[in-house]
Asks: 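Right, I'll just put the structure down here and ask away after.
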Number of protein chains: 2
Amino acid sequence: MIKCVKCGQVEGIMKAGYVRGKQRFLCKPCNYYFTIQEKDVSAAVQQKRRRHQTTIIDIAKTLGVSNSTVSRALHGHADISPETRQAVLDTAALLDYQPNQLAYNLVKSRTNTIGMIVPEFHNPFFPNVIIGAHEVLTKAGYNLTIMQSNESYQVEISNTKAMLANRVDGLLISLTQETNNFDHLEVFEKRGIPLILFNRVCEQIDVPKVVVNDFESAFMAVEHLLLNGYEKVAHLGGPLNLLVSRERLRGYKAAMEKYGKSIEDHMVIQGMLTQQKARIYGQYLLDLAERPDAIFAVNDSAAIEIMLMAREKGIRIPEDLGVVGFSDNPESAYIGPGLTTIRQPTMEMGQATAEWILELVDTEEIPVHERKILKTELIVRGSSVRER
Amino acid sequence: MIKCVKCGQVEGIMKAGYVRGKQRFLCKPCNYYFTIQEKDVSAAVQQKRRRHQTTIIDIAKTLGVSNSTVSRALHGHADISPETRQAVLDTAALLDYQPNQLAYNLVKSRTNTIGMIVPEFHNPFFPNVIIGAHEVLTKAGYNLTIMQSNESYQVEISNTKAMLANRVDGLLISLTQETNNFDHLEVFEKRGIPLILFNRVCEQIDVPKVVVNDFESAFMAVEHLLLNGYEKVAHLGGPLNLLVSRERLRGYKAAMEKYGKSIEDHMVIQGMLTQQKARIYGQYLLDLAERPDAIFAVNDSAAIEIMLMAREKGIRIPEDLGVVGFSDNPESAYIGPGLTTIRQPTMEMGQATAEWILELVDTEEIPVHERKILKTELIVRGSSVRER
DNA sequence: TTGTACGCGTTATCAG
DNA sequence: CTGATAACGCGTACAA
């Protein structure tokens, strides 16, 4: 039974919330609030409460100082006597104090966390970007929270909401192929949360963007094929609602036109290139009556799929068919013959994006909405070079 | 200029903290605190402050109800009249209310976030584990925060501290090769935070572990070589402070013994296999007077490095040298000849680990400290099969 | 140099 | 069904 510590009565005692993990009681008769030692509280009541983790207040109490003093000591603020400071630090260690970042975040309204939303994980591209970004952010004392939209606009929206709810200090995002509306991103501008688009960017909103020079890269790739004597170059492209796909298509066309090649409609296929789709499209291209003598694919997986199919059909690479991919996946170096491809600076893209967001997070100024364009590199291997 | 709303003076006005995102002032002469409409505040003052984000209290105010009512309505709690509920929802949408997860986390002492610490990102192994874990956790409504210890014990410690400070609901960790002390992990047990070790586990602490059957896998790999007529099998192993390395070494030895082969000291090299180290060790093995006729490497990158070196030296694979790797990296399928290797179920490992931690997070019970062992698969390709 | 008193945004308990 | 208010843990402006 609980007795009022003031009037000693047992009747008229009621629970009245919790104080620092301990049950608080109210003595109705004498209108007095009090808490009592934990061992006096019934086990049931006690157990419902989570184990109390030592806080700044515990340190203050055991030391007989105020919590602000403890806070200042812990953060090395000025105007603290060395003795109290040391005493605080000692008891903090003694009590195994671990700061509660959650409380810190709440009061500071910032989380030291950068959010990153990527559409997929299956190509090595995004993992590599993550490596780069992670490295930079970690060095700067930031955490990185990664979400994956799985190429779904709806998931992307819920991801951005979660990022907002979690109060990330900045957001790095690469859009899904379905994303055509950008209201969910404009919220960030309104909230003053820096936002950077990378790789899968769009033109419709005016925010910082980090990309590679897709147009020039595609141009370079196709020009390379044409200079190696291939005549009928087909293009296996990505979905056209992605700017990267449109840019690469534009590069393909520009190169073809420069060298006076006509662009046949049936030699250009655009779409989401799952492995299955790559096979279907490849089948179609390789079985055409007027078969292309070269294929520029929008990514390496598709290009390799083409190479494997060609091998099955007895089409020789590079003699009968030249192939160029995009991204320089690890396997492209090892397949025989090696796959000529465009190397993207993936880790650099992650680093650049991360460095940029850190600048934006720190400045109060409205960011300049420029666009950072990273350079790619044509890696020539056996799949596209033949004796003329 | 700011005027005191009471005495109208301009002199002696000073800033005195913030009230709900609005600057609060103190009129020194009449000792009166006040805030004023945002539009009256000078632009400079206003801009320094982040824009006030609409909270539950704003909704309550505009609706003339209490914040508890709003909270209940938002969460679909019982005992709410449909009208108030709808009204709350409407104004929430109107004011573009976004819940503050930070505050929620603080009061609930849980974050709906699982932490994951991995030693490195450069092999596709950990990214793949992440894919699997991410998928499961996302479906369950959890976030995943990833940190990277970069094979450094010190970084691992600071990572675990950060995880603790951020109050993750559970932790998945794969140890660095330097980790020999486990105090930083025992803290989690004390705090009641579930912890699972995966892949890079240790024997010293008693927590749930998820691994593959390294011993049997290595045994299988070496037995495969011996059955294919190779006689002098060398082993290029990982650092011996990792249990996985020791287990694989044990498997190698067991297979050799089973087939009556002696284990030569100079045919076994253990160490951290960076690309450079792999080359150095490979050079040594391939230049031995009594050169091994097969090599079982602890990972695919090292195995491939060996293959490239052999090619340079004119050593034919698989005729003069059999090679088996471990992990089945993508490139292993495409190199010529294909690399025989042990496929690890990486995504499954991520999934299994994530599913397990979800169970542990939800139960109050002390977890059973079992060990989950996932099965690997021997993938036979050209690098280890020769005509006898 | 230190203590006091809020505020951060939310949930939960208890009283009406 | 609704309102008041303590609590979560910490930072900090101001007073002492």
Side-chain angles (χ1 to χ4, degrees), chain A residues 14-26 28 33 35 45 48-50 52-60 63-75 77-85 87-88 97-111 165-167, chain B residues 14-26 28 31 33 35 49-50 52-60 63-75 77-85 87-88 97-111 165 167:
Chain A
M14 49 201 305
K15 292 187 207 169
Y18 294 95
V19 180
R20 308 206 45 69
K22 287 186 287 189
Q23 179 70 56
R24 190 174 73 148
F25 296 93
L26 166 63
K28 210 55 183 287
Y33 288 95
T35 61
V45 170
K48 270 184 73 178
R49 246 15 235 175
R50 262 193 118 85
H52 173 65
Q53 311 203 169
T54 100
T55 73
I56 220 173
I57 303 183
D58 299 316
I59 302 178
L63 232 55
V65 298
S66 78
N67 48 357
S68 33
T69 303
V70 176
S71 173
R72 280 186 286 250
L74 253 28
H75 290 285
H77 270 231
D79 297 339
I80 279 280
S81 79
E83 302 87 50
T84 32
R85 190 183 139 70
V88 167
Y97 167 76
Q98 297 284 353
N100 186 329
Q101 190 73 25
L102 270 47
Y104 181 89
N105 291 345
L106 180 60
V107 71
K108 299 286 270 189
S109 267
R110 91 199 294 282
T111 53
N166 280 301
R167 298 295 191 270
Chain B
M14 50 200 302
K15 293 188 210 172
Y18 294 94
V19 180
R20 305 201 50 68
K22 285 185 290 188
Q23 178 71 58
R24 191 173 70 149
F25 296 94
L26 166 63
K28 214 47 184 290
N31 192 32
Y33 288 94
T35 61
R49 220 40 217 172
R50 276 193 116 83
H52 171 65
Q53 313 204 169
T54 99
T55 74
I56 223 170
I57 302 182
D58 298 317
I59 301 178
L63 231 55
V65 299
S66 77
N67 48 358
S68 18
T69 303
V70 175
S71 173
R72 279 186 287 246
L74 253 28
H75 290 283
H77 269 233
D79 298 340
I80 278 280
S81 78
E83 303 86 48
T84 31
R85 189 183 142 70
V88 167
Y97 166 76
Q98 296 283 352
N100 186 330
Q101 189 74 24
L102 270 46
Y104 179 89
N105 291 346
L106 178 60
V107 71
K108 300 284 272 188
S109 267
R110 93 197 294 282
T111 53
R167 298 294 193 273

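From a predicted model like this one, the values you see are computed outputs, not experimental measurements. These values consider heavy atoms only, across backbone and side chains, with no hydrogens, waters or symmetry-generated copies. Convention: sequence-line order gives letters A, B, ...; per-chain numbering from 1.
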Asks: Expressed as a whole number of angstroms, how long is the span from B:L102:CG to C:dG7:C1'?
Replies: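 Rounded to the whole Å, the gap is 15 Å.
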Asks: In this structure, how many angstroms lie between the C1' atom of D:dT12 and the NE2 atom of A:H75, rounded?
Replies: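 Atom-to-atom, A:H75 to D:dT12, this comes out as 11 Å.
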Asks: In whole angstrom, what separates A:L63's CG from C:dT2's P?
Replies: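 It works out to 11 Å between those atoms.
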Asks: Can you identify which nucleotide, out of C:dT10, C:dA12, D:dG9, has its nearest atom closest to the B:Y104 side chain?
Replies: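 Of the candidates, C:dT10 comes closest.
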Asks: Using whole Å, report how far CG of A:L74 lies from P of D:dG9.
Replies: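 Rounding to the nearest Å, CG of A:L74 and P of D:dG9 are 15 Å apart.
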Asks: Indicate whether OP1 or OP2 belonging to D:dG3 is found under 4.0 Å from a side-chain N or O atom of B:S66.
Replies: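 Checking D:dG3 against B:S66, a side-chain N or O does come within under 4.0 Å of OP1 or OP2.
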Asks: Within a reach of under 6.0 Å around OH of A:Y97, are more than 12 heavy atoms found that belong to other residues, nucleotides or ligands?
Replies: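 Yes.
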Asks: Check the distance between D:dG11's C1' and A:I57's CD1 and give it to me in whole angstrom.
Replies: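 The answer, rounded to whole Å, is 12 Å.
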Asks: Rounding to a whole Å, what distance do you find between A:N105:CG and D:dT12:P?
Replies: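 To the nearest whole Å, that distance equals 13 Å.
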Asks: Quickly work out the B:I56 CD1 to D:dA4 C1' distance and round it to whole Å.
Replies: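 Going from B:I56 (CD1) to D:dA4 (C1'), I get 15 Å.
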Asks: By nearest nucleotide on DNA chain D, pick out whichever of B:P82 and B:A103 is the more 5' one.
Replies: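 So the residue in question is B:P82.
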Asks: Can you identify which nucleotide, out of D:dG9, D:dG11, C:dT2, has its nearest atom closest to the B:L106 side chain?
Replies: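 Taking heavy atoms from C-beta onward, the closest nucleotide is D:dG9.
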Asks: Look at B:K108 and C:dA12 and indicate whether a side-chain polar atom (N or O) is within less than 4.0 Å of OP1 or OP2.
Replies: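 B:K108 to C:dA12 OP1/OP2: side-chain N or O found under 4.0 Å.
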Asks: Quick check: any donor-acceptor pair below 3.5 Å linking the side-chain of B:S68 to the base of C:dT11?
Replies: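 A donor-acceptor contact between them is absent.
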Asks: When only distance counts, do a donor and an acceptor, one from the side chain of A:R167 and one from the base of C:dG9, lie under 3.5 Å apart?
Replies: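 In this structure, the two groups form no donor-acceptor pair.
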Asks: Passes side-chain contact (heavy atoms from CB on, under 4.5 Å), A:N166 versus A:T111? Steps please.
Replies: CA-CA 8 Å; A:N166 280 301; A:T111 53; over 6 Å; no
Asks: To the nearest 0.5 Å, what is the distance between NZ (B:K108) and CD (B:Q101)?
Replies: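 It is 11.0 Å, given to the nearest 0.5 Å.
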Asks: Between atom CG of B:L74 and atom CZ of B:R85, what is the distance when rounded to the nearest 0.5 Å?
Replies: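 Taking CG in B:L74 and CZ in B:R85, the distance rounds to 9.0 Å.
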Asks: Which heavy atom of B:I80 sits nearest to which heavy atom of B:T84, and what is that distance?
Replies: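 Minimum heavy-atom contact is CG2-OG1, 4.0 Å.
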Asks: Can you tell which of D:dT12, D:dT5, D:dC10 lies closest to the side chain of B:N67?
Replies: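 Minimum distance to the B:N67 side chain belongs to D:dT5.
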Asks: Would you please confirm or rule out a distance under 4.0 Å between OP1 or OP2 of D:dC1 and any side-chain N or O of B:T84?
Replies: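 Looking at the OP1 and OP2 atoms of D:dC1, neither is under 4.0 Å from any side-chain N or O of B:T84.
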Asks: Send over the distance from A:I59 CD1 to D:dG11 C1', rounded to a whole Å.
Replies: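 That distance rounds to 14 Å.
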Asks: Answer yes or no: does a side-chain N or O of B:S81 lie under 4.0 Å from OP1 or OP2 of D:dC1?
Replies: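 Answer no for this pair, as no side-chain N or O of B:S81 is under 4.0 Å from OP1 or OP2.
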